[in-house]
Amino acid sequence: MIESILRATLLGLQLGVTFALVAAGLTLIFGMMDVINFAHGALYMLGGYFGYTIATQFGSFWAALVLAPIIVGVLGAAMEKFTLRPLYGRNPLYHILLTYGLAVMIQGVVLEVWGASSQQIPRPGQFTGSITVGPVTYPTYWLFVLVVSTVILTVIWYAIENSNLGILMRASAHDTEMVNALGIDVSKVFTGVFVFGAALAALAGVLLGATRSVNPGMGAGIIIEAFVIVVIGGLGSFKGAVYAALLIGLVTAYGALVAPTLTELFLFVLMAVVLLVRPSGLFGATEAA
Amino acid sequence: MKASEYLEELADGTVLDRAAAGSGSEVLSSSQRVGVVIIAAVLVVFAPIADATSPFWLNILTRILIFGLLAVSLDFIFGYAGLLSFGHAAMYGTGGYAAAWLISEVTTNALVVLPLSIVVGCGVAAFIGWFSVRARGIYFAMLTLAFAQVFYVVILTDLPAQVLGVETITGADDGLFGIARYGVFGIELGGGLPYFYLTFGLVLASFAVLVRVANSPFGRVLQAIRENEDRVEFIGYNVQRYKLIAFTISGGFAGLAGGLYVPFQSVASPGLLNWTVSGELIVMLLLGGLGTFWGPILGAGVVIFLEEQLAGFATWEIILGTVFVVVVIFAPRGIAGSLETLASDPRAAVERTKEALSSYRESIKR
Amino acid sequence: MSNDGSQQLGRRQSNSDRQHLSRRGYLAAGAALGSAAIAGCLGGDGDETLTVGMAVPTTGVYALLGESITNGFELFLEENDGEINGQEVEIVSRDTEADTSRGVSITRELITSEGADAIVGPVSSAVAIAMMETIESEGSAVWLNANAGDYRVTRDGCMRYHFRTSFNDWQTSAPLAQWVYDNIGETVCIANADYAFGNNSREFFREAFEEVGGEVVEEVGVPLGTDDFSPYFDDIESSGADAIYSFFAGSDAVNYISQGDDFGLFDEMVQTGSGFLLSEDTLPAQGSAAVGKYSLLHYASTAEQTQDFVAAYRDAYDETANVYAAQGYDSAQAFAAAIEDGGSSDIDDIIDAMRGMEIDSPRGNFRFNEDTNDPIQDMHVREVVDGDDGPENQVVETIENVESPTWDCSIY
Amino acid sequence: MSAHTNHSTTEQTSRQPILETEGLTKKFGTLTAVNNVSLTVSPDTISSIIGPNGAGKTTLFNLFTGAFGPTRGEIRFKGKDIAGTSPHSIVRQGIVRSYQITNFFDELTALENIRLAAQAPYTGFRARDFTKHYTAVDQAMEDAHRILERIELDHVAEQTASSLSYGQRRHLEIGISLASDPDLLLMDEPTAGMSPEETNEAVELVEEIAADTTLIIIEHDMEIVMDISDQINVMNDGELLASGTADEIRNDERVQKAYLGTGDE
Amino acid sequence: MSRSNTEADGNHSVDSDHRLIIDGINTFYGDSHVLFDVSLSVDDGEIVALVGRNGVGKTTTIRSIMGLTPPRSGTIRKDGDEITGLEPHKIRARGISWVPEERRVFGGLTVHENLRLAAHSASEDQSDRFEAIYERFERLDERRKQKAGTLSGGEQQMLAIARSLLGPETDVLLLDEPSEGLAPQIVEDVKDIIRELNDDGVTILLVEQNAEMALGLAERAYVLEKGRVVHRSDANELLTDRSAMEEYLGVH
């Protein structure tokens, strides 16, 4: 019993930090550009597929971990420049339709290129066994995912709090026009944030693609979870997304222990409750602004 | 501009105004009414021909009408009253399930079942709305999404049966199947043509009712809420209650659409309630033209037609996705908006297209 | 999260059906009201072309299955120059997704608009159950059930139009019970995907296992489309059973096997299950984690009698033929034989010809039960071993002529 | 520069106040926007609220209209405590506010803007409110036309509000408030940004309205304030510094120090 | 008044004295026409006031110059180079800096972060300039780590001005309603700062509702009404012209 709770905790944390990688991009993109990016799940999926191809073709997981986010980042840049940018300043609804269209498109492309069957990214050789700590035996690779994601999140967190770029991002989420008038080319920042978010989602796709199967439904599967996280955390808040992702990760893991069929229900009830109690999410900016 | 400003604009609908045709005046101008009547007449005449030559097209048409009704019900609350509901699938699905259950257990009489579908749609909408109408903009959308997904999961996991300890109520992931079509006083409406006429009649009537309500004192208050929610409150209207009632009315028509769709398909499946249905509906609305009432029906028609036609192409998702992307970038007022511009001033339409293209080039150059 | 949502985000049509595009385009141009469609509706005698409607998913978790069925069907046609009994065969393929409502729509469309003489599919049992009403009421096409194994189609439907060219869920579960009891142990933990098909499999297996004297000590239901299985492993492990019996398919099967391996689930317990747990579509992704696990299916790509089919399939599609491809192939065989035997594409003639028919299948011969149209076939217990191109299934025992219950169905 | 002559001082004191606050306080987090304000407004008078930016004038208005509830204290309107009542029902009870920044329905016509407000008392959730055509609420339509004439916008009735000139928009703003048939009208800087002629017209309109409505006005133009007010309330830092007639305020030392400063406006 | 005479004819020639020339700009918000052929100029080292009532287009003029709401026609030149229609960050790079109405400091950022952000757009390292800024704005120095949203109105105004001085060298400062909502004493402080900056050589275009304050600071003034320049003159001259003050600005 204790073991299963500890394991579920580890799983919940691991899911939390990887979900946070996906949700971080989503929330930052919303914060700065007011874009509700429905295609974000598709970018995560592309990460999984590029990761799979690279890992199997070059036989190196590490190449996949580095290259897939770069490729998806470049695709994200193109997406931002050619489809999103002309729509800035319009009602965010149009971005919903646009990115919905993009998600459908990318899914079609994935089916064309990779086909419909489930794949899995081969794990790196060093992480095949499992580790036993106290009462818990846990697969090494899963711990690796937990550690790597946590490290990346911490670095991002620190950067957002302290670096010039982080200050820039927070300021842009607040008032892009003012940032622009201070002499900063905001459209470059937009592209940068979008690329960054896309690469993070792709990174999560590679990391999870070696524990979960890579399949054409994975993008649409994660986007709703990501939305729930972003909404609970507060649209535009990175900090909120991280906390909410951990919350959702743990709810998912514990929910499976308690009442598997109702886990999904918990997520939405949680989201509804948070919105009713704090309409702008846990760390929403609306009240402060 | 700040996010919060957009949200405010979204909430009070000032951005949408420009997309919405006919705001500030009558919903559905008299020339548009004539158009609706003509199209309706054509459909009445065309139906038996289609039935005799290619019943498949009659089927498509029936589906388009049902989805058109669903789209108009959403347009009433979203395009007209400015509340983006991301949970319309819940009312649609529960209305459908109610019909399925009643038909299998009680009666196939449409005069009994359909009103109850409407009541169930209203009830679910009132429940969701009661929690959600206090929120605005994106938050309203997210709340409706959350509650609708709750209904989806409840039906998918057959929670009522689990709670009551009976074998099945919603049929879980299988849904309810073998649902017969309606009869009215012993007249079977099982065939394609009778069912088409039933649907057609009800959709037309619903359309007329919604247009009428939109043009009623109540409806005008909704329009004002879309434009400036706060001020409506400060000229003495109970805005929350207006929103709740509007959402409930809209839910009733969504329930009716479900009640028409389920016997038509002979199954009620949990997929009816999934968020993707709500998402597809919004696509239909934006594609057709928000706030125009007739545009969304057109949008429903185009989406269903494209899905059917492109289904022969291996890459159809890519094509469909591209169509959405192009429309959204170059024709933000939807098909209805483009048609209106084209009809009123063809030269301006050409100009606008040129403008749209050059501003696109401009924006990607930077 | 359930995968139901994902299946709807995009819908897609089989890419194995390209030659058909031009006709669809032609129809799109408005000719749908023309003579081709009318001729199709009339069906039957004097009809030069036979129309086969493929009602299978080409998107979502079941997409690969749908594609394989179509490939198998087309392989047979190619081997016969695209003709059956001298008549040209046209395949019209439509995506059911795993959406019951859509399944009904396209079944209706295939029959009424395309004038299909046969409906092949579907993959999902929920879709099959939903389709029953339409097939029955249209009454003009034979239904070659190429995968949907839910016994309720036999029990509740019991339709003369319905022929299983595949299996039913009793066949892929119950017969394994005796083998597990004899070869592995007396206690079993059942872990299955918590939906109709998985639960049917669980019930059938438990009944059979208890009947032979074994004990089911734990049952673990996992929601369909689960990404992370580890929270469920503790219950399975702590049951202390000798064996696990599972029903999972597609990405669930991949996740369950590879994560179970990660967590050392199979160190103490022997994994068994329905054949879909360890099939050609999942093995490459499961990799070495799959080795040493047993499953029951009416097909094994390594079986001797199957090798010609596997070779032909590899030539055509550069892939190892899976069970779904075989089912598609057999659907084509059954249809062709019925047309040739009956000498007509009239629905009644087809049904008469097909009743009790024996098929020379790549899986080994099978015949239709004369009361239920369900197959009577050999079932293979298979073990995953390391092959030349990665893991593959080796038949360890064959249970012959497995005949399922009739569930009070007597069609004729 | 004398007090408005329409209302005599004896009349004011002899009648029950229309609006009365007691210890009214509103805090936003750590900021106290309105601090322990007790004031009295007599019916059929013009009261002004003056004070520097941030003194709490607008917050006071927002408390009166129910935009938010007070942290502490009472607001009595016609003897009834209305603190915490929802804005729409406060409007129905007779307190209406007009805005400094025009705040109406840009895409609707001038007539529609007014008609909507005039319609409120005649509309509820009865069947006919859903089935009738909106133009068929005769009483509201008549009221709307009457008010349009009164604010001299009848010639632009069919133009959309967004196409009106600045001055016209200001009039429309007042018209909307009048359409709600207020007993107590709160006006936020009715002359802000107006030219001298426009200002004169606006003052005339205000005085005309005052003939049958109690008014509370936030205004910066001291000359106007001194000219038309029966009572002047001076606020500073959320507190009510002084309250009295024009002469009393003019001679109040605290007011001179805190607000009028060096000025000889 | 030779200077104002040459402008009165409306035809400007490029003159090296003119830091900033706005020539016949027409600006729209959507379909609504806000500025009508507005022309004005600001010379090197000057303080010029742009006054008028609410909603006459003062802020729009500033926004047009800054590229936030680019004019549809007309030209804007800085030091003789046309900058019309450039994006705001490019205009900032040319030395024009903007202190907006209502200050618009980044409330969630600390005082120091606000300044770091402004310095970010400069090509060279500006860390040494921070100290000069903090020396000038002592109140900010004390509150380096405080969130800007918690500052008082006056402090926020100081921060907004300080922020405009970091980044690329500022030689033209566009000040929009710096006295708005400030207590009289604080307004005096703001005036002092504006004078100091001007003494340091910064050219200033000052938009004010508070006409007396603006005219007290400025050398020259333009009066806007309904989107048009209706008056231009020496600031003192306008200040003493009671009828003009009353007519245009409602000051009695």
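Per chain, numbering begins at 1; letters A, B, ... match sequence-line order.
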query: Between B:Arg181 and B:Glu188, does at least one N-O distance fall below 4.0 Å, as a salt bridge requires?
result: no

field: Atom of C:Ser173, atom of C:Ser201 and distance for their closest heavy-atom approach
entry: CB-O, 3.6 Å

query: So which residues of residues 127-136 of chain C are in contact with chain B at a heavy-atom cut-off of under 4.5 Å?
result: C:Ile129, C:Ala130, C:Glu133, C:Thr134

Top contributor to chain C contacts, counting heavy-atom pairs under 4.5 Å, from B:Ser266, B:Gly192, B:Gly279, B:Ala172: B:Ser266

Which donor-acceptor pairs under 3.5 Å do side chains of residues 85-95 of chain B form with protein atoms, sequence neighbours excluded?
unit_1: B:Ser85; atom_1: OG; unit_2: B:Gly87; atom_2: N; d: 3.2
unit_1: B:Ser85; atom_1: OG; unit_2: B:His88; atom_2: ND1; d: 2.9
unit_1: B:His88; atom_1: NE2; unit_2: B:Ser250; atom_2: OG; d: 2.7
unit_1: B:Thr94; atom_1: OG1; unit_2: B:Ala90; atom_2: O; d: 2.7
unit_1: B:Thr94; atom_1: OG1; unit_2: B:Met91; atom_2: O; d: 3.3

query: Less than 4.0 Å between a side-chain N and a carboxylate O, is that true for C:Arg152 and B:Asp174?
result: yes

Salt-bridge present (C:Arg206, C:Glu219; N to O < 4.0 Å): yes

query: Roughly how far, to the nearest 0.5 Å, is the OG1 atom of B:Thr62 from the OH atom of B:Tyr261?
result: 11.0 Å

